[in-house]
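Here is the structure we will look at.
Note that the coordinates shown come from a computational prediction; the quantities given were computed from them, not determined experimentally. In what follows, chains are A, B, ... by sequence order, proteins preceding strands, each numbered from 1.
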Amino acid sequence: MDYKFREIEKKWQKKWKDSKIYHVKNDSSKPKSYVLDMFPYPSGTGLHVGHPLGYIASDVYSRYKRLKGFNVLHPMGFDAFGLPAEQYAIETGQHPATTTDNNIETFKKQMDNIGFCFDWSREVRTSEPNYYHWTQWIFLKLFNSWYNRQEKQAQSIDTLVQLFEKEGNKNHECPGDEQHKFTSEQWKSLNEKTQQDILMNYRLAYSGVGEVNWCEALGTVLANDEVVNGVSERGGHPVIKKKLRQWYLRITEYADRLLEGLKSVDFSEAMKEMQSNWIGRSEGVDIKFNIKNHEENMVVYTTRPDTIFGVDFMVLAPEHELINQIKTKEEENKVDQYVAYARGRSERERIAEKKITGCFTGSYAINPLNGKEIPIWISEYVLSGYGTGAVMAVPCGDERDHRFAKHFNIPITNIIGSYYNGEEANPTKDATLQNSEFLNGIKMEDALPLISDKIEEKGLGQRKINFKMRDASFSRQRYWGEPFPIKWKNGNAYALDEKDLPLELPHVETYQPGPEGEGPLANISDWTSKNLETNTMPGYAGSSWYFLRYMDPHNNQEFASKEATEYWNQVDVYVGGTEHAVGHLLYSRLWTKVLFDLGYINFEEPFKKLINQGKITGDSRLVYRIHGTNKFVSKGLKNDYKTDPLHVNVNFVDGFELDTEAFKSWKPEFKDAEFILEDGKYICDSAIEKMSKSLYNTVNPDAVVEEYGADTFRMYEMFLGPIEQSKPWDTKGIEGVSRFLKKLWRLFYDREEWIVNNEKATEAELRILHKTIKKITEDSENFSFNTAVSQFMICVNELTSLKSHKKEILEPLIISLTPYAPHISEELWHLLGHEDSILNTDFPIYDEKYLKESTVTYPIAINGKTRLTLSFDAEADKETIKATVLDNEVVEKWIEGKNIRKFILVPGRMINVVV
RNA sequence: GCCCGGGUGGCGGAACUGGUAGACGCGCUAGACUCAAAAUCUAGUGGUAGCAAUACCGUGCGGGUUCGAUUCCCGCCCCGGGCACCA
């Protein structure tokens with residue numbers, strides 16, 4: 001009987017579904033394991049072979065853990081709110097809910113084809129009211145909380161009000177306005193509106209007017225991580241800075257805890273690095289400089305106070321409020337012009353041009369340590385949002401300061417001697433300071449703490465820790481997102497009552513922006529008459545907590561019961577791409593920490609271990625069209641013509657040879673295409689690129705599954721290479737895995753005959769079996785799925801050549817294969833006479849006694865140097881140990897007392913033996 | 001520019017804490033079966049020389065440590081990814 005994978009796979013997929021075998025309960029005597037995939041955004045294009053890589057890996061791991069006796073939670077859902085569905089709606093008028101549902105059906109079908117063990121009864125969709133009910137609920141928790149810096153945790157805003165009534169805010173400075181101080185009496189005398197305004201400056205989710213990343217093309221603001229090089233991550237549209245009232249998450253309050261938490265999780269170094277760079281912690285000093293002939297002073301932030309005697313000028317950000325007060329009459333025009341110029345420049349222009357621009361204010365600051373007068377400049381290279389928006393410039397040590405000084409001919413003081421060559425700045429800490437008064441002769445890294453202490457002692461400033469990370473923008477002027485459960489009254493935002501949740505997204509007639517650039521909700525009079533917030537939440541809202549909802553997805557009373565979250569606890573393994581490093585992963589960590597602080601869950605980090613699967617890249621095919629014609633020239637001859645490369649659908653190419661007829665009928669414009677062939681063939685060029693519809697290099701998993709079967713597809717994706725590495729898809733290579741499964745089948749069936757017998761296994765058979773089980777166990781545990789697949793191949797090859805068809809060997813083998821190729825394993829399991837599913841059995845345990853090497857090698861170092869390696873047959877008796885040596889005399893002498901007669905020279909491991 | 005990864009056959013990739021480099025698969029070559037093809041099976045497959053046994057060379061390049069280095073150290077080169085005026 002042949003291996004009829006299509007029949008087998010359909011049959012078992014149906015049986016598994018009907019028997020609800022993947023449904024998992026929230027209680028069990030078994031230990032738990034939570035294995036999670038990053039849920040997808042259901043795009044309209046469906047899955048290509050690159051997408052399931054992570055899902056297959058997590059599926060293999062989940063099944064392995066299940067066989068190992070764990071109660072495994074392995075759910076899937078959809079991140080269903082988002083921009084593309086809405087843009088599609090604007091173009092076609094179709095409601096995003098409809099297109100989203102259709103897309104989800106396609107995704108689920110494609111996933112089911114591959115045989116994943118998701119518990120679909122726990123599916124979540126972020127766009128469903130019974131899901132976003134709790135997104136809104138958590139938002140209200142954020143809104144109604146503040147961060148107590150002394151206790152380093154989020155607390156209810158009520159506790160803050162109590163503190164204000166008791167003592168004002170003297171012990172809890174305002175994160176939104178740090179200068180603002182008031183006493184208990186002052187607080188009590190304030191009216192409702194002012195009190196609310198003050199509280200807003202403390203809330204973890206707050207509304208405020210600020211500079212936002214505005215994307216005109218998308219008609220909305222974007223979070224910092226959604227902007228890449230000054231353009232939108234989605235679509236690459238220009239992004240400008242704009243002042244708007246927005247919602248924000250006060251993630252900056254959690255900066256140090258988010259950084260600290262990285263120590264306790266098992267993420268790759270690269271991932272931790274990306275997150276800590278994004279958080280961008282730096283230690284420095286705020287230093288106060290007086291300004292000549294002015295009352296005001298300016299405060300700069302620096303990480304290098306040791307260079308203070310090298311300060312040659314000061315720079316303010318163009319937005320700095322001091323500018324208007326200190327600009328001199330003579331410079332006023334130039335300053336105003338410059339400020340206007342800087343304001344008019346977009347983020348993108350600043351980044352792209354990197355021009356050196358600036359303007360002198362006419363005023364001078366006084367170096368607090370030596371009284372030197374230092375000119376104060378303005379330049380756009382200083383960012384208003386970081387530190388104090390003002391810097392002390394040390395050209396010999398800082399590249400930007402140096403370029404600026406050279407450009408405007410500002411004299412440079414050298415405080416690092418030969419470390420500075422006059423041509424470029426040197427940010428070293430190794431130099432011995434010069435021209436630095438009492439710091440002269442001290443190495444910079446040693447001077448750092450000295451001068452910091454001095455500055456603090458003299459009251460000139462204080463040590464300060466700064467973070468690059470900004471508060472996260474949390475509102476979008478869009479329709480297809482969660483409505484805010486917020487009502488406006490007299491310019492203050494008030495939370496809706498929890499019992500009025502969910503605040504459902506209303507139907508709209510148009511997806512166009514509101515009258516003043518607000519979201520489409522502003523067009524609905526019913527909505528605006530209730531003074532409801534017209535923005536919606538961003539894409540990352542729903543995905544910041546979905547892993548908690550899977551634990552208890554049908555709960556109508558809470559986001560998840562305490563029992564459920566205590567039982568499932570952290571995600572043990574989270575599988576997904578690196579692209580979410582500073583977005584989703586950071587926000588999820590923040591929400592988890594807040595819910596932990598408020599006592600709703602008992603763990604602080606959502607993901608214990610993170611696996612980043614690599615991308616499967618496409619192997620594109622290109623043809624060359626002779627410029628301005630409809631003639632195509634084969635790769636080898638292209639240099640004879642002026643050509644333009646063109647991506648061609650990989651399905652029209654066999655290896656590198658183009659099927660010219662298929663190509664002609666591909667698009668009308670190619671109907672009359674002509675070809676210049678070499679050796680009668682049209683040879684295409686190739687390129688390894690990202691897999692994408694627009695490059696015509698995608699391979700649909702459905703087609704692969706149809707041709708080779710789901711088990712082959714799964715194993716091949718795992719076999720391709722290490723899970724974390726990017727690798728190109730090569731359809732040809734799948735033959736090897738396909739042959740392996742056919743070979744495995746033939747261990748059970750010889751043509752028509754069932755040939756499994758009950759004979760007792762030989763030593764050799766047991767040896768290969770136990771070696772395989774050991775390797776599969778270790779590799780499955782370590783996510784080394786590619787070498788695990790190799791081991792299966794080795795095992796089946798050996799069993800084939802041993803002509804081994806014994807139940808005693810084959811049964812444990814197919815159990816260990818189950819995570820990788822579940823369908824064929826299940827089929828064979830039943831053919832072996834089992835009633836219950838193979839999924840309910842136990843993973844085999846290997847026996848060490850079959851793992852002893854047949855030859856044991858002992859390298860021997862005599863007098864500290866290796867002279868030989870002894871090797872002997874483990875099964876032979878010790879008397880016959882054999883070896884040959886370089887230095888016969890020494891070794892023979894050593895051997896004498898050991899009862900060893902002969903030896904063979906084999907390089908091996910080293911043990912030290914004193915002779 | 002800075003910070004992470006990584007460079008191993010024609011290709012994807014193996015190699016435990018330094019110990020027979022190239023497992024496994026693809027591809028390729030030859031053979032068996034077949035009228036033929038497909039499928040399957042067998043053998044071979046890092047390079048050079050040789051009928052052969054074998055010898056020499058080989059893990060990006062140059063040095064070093066070691067009895068022994070793909071693995072450790074120093075200096076370069078190249079590729080992939082991330083960050084990029086963060087003072």
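- One interatomic measurement links the two molecules: CD of Glu778(A) to C1' of A14(B), which rounds to 15 Å at whole-angstrom precision.
- Going from atom CD1 of Ile776(A) over to atom C1' of C24(B) covers 12 Å, rounded to whole Å.
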Write out a two-atom table: protein N or O, nucleotide N or O from nucleotides 4-12 of chain B, distance below 3.5 Å.
residue: G12(B); atom: O2'; partner: Leu720(A); partner atom: O; Å: 2.7

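- Glycosidic torsion of G44(B) falls outside 90° of 0, placing the base in anti.
- Nearest nucleotide to the side chain of Lys732(A), out of U40(B), C26(B), A14(B): C26(B).
- Among the heavy atoms of the strands, none lies under 4.0 Å from Asn466(A).
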Would you please test Tyr846(A) and Tyr850(A) for ring-ring contact (aromatic ring centres under 6.0 Å, His included) and show each step?
CA-CA 8 Å; Tyr846(A) 58 88; Tyr850(A) 298 111; over 10 Å; no

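- Nearest nucleotide to the side chain of Arg739(A), out of G27(B), A87(B), C24(B): G27(B).
- Between Phe404(A) atom CZ and A87(B) atom P there is a gap of 18 Å when expressed in whole angstrom units.
- Secondary structure note: stems in RNA chain B built from 3 or more consecutive Watson-Crick or G-U wobble pairs under 3.5 Å occupy B:1-7 with B:77-83, B:10-12 with B:24-26, B:27-32 with B:40-45, B:46-49 with B:54-57, B:60-64 with B:72-76.
- Across all strands shown, Val300(A) has no heavy atoms under 4.0 Å from either base or sugar-phosphate atoms.
- Note on Lys732(A) versus Asp730(A): no salt bridge recorded, every NZ/NE/NH1/NH2 to OD/OE distance being 4.0 Å or above.
- From Asp711(A), atom CG reaches atom CG of Leu817(A) across 7.5 Å, with rounding to the nearest 0.5 Å.
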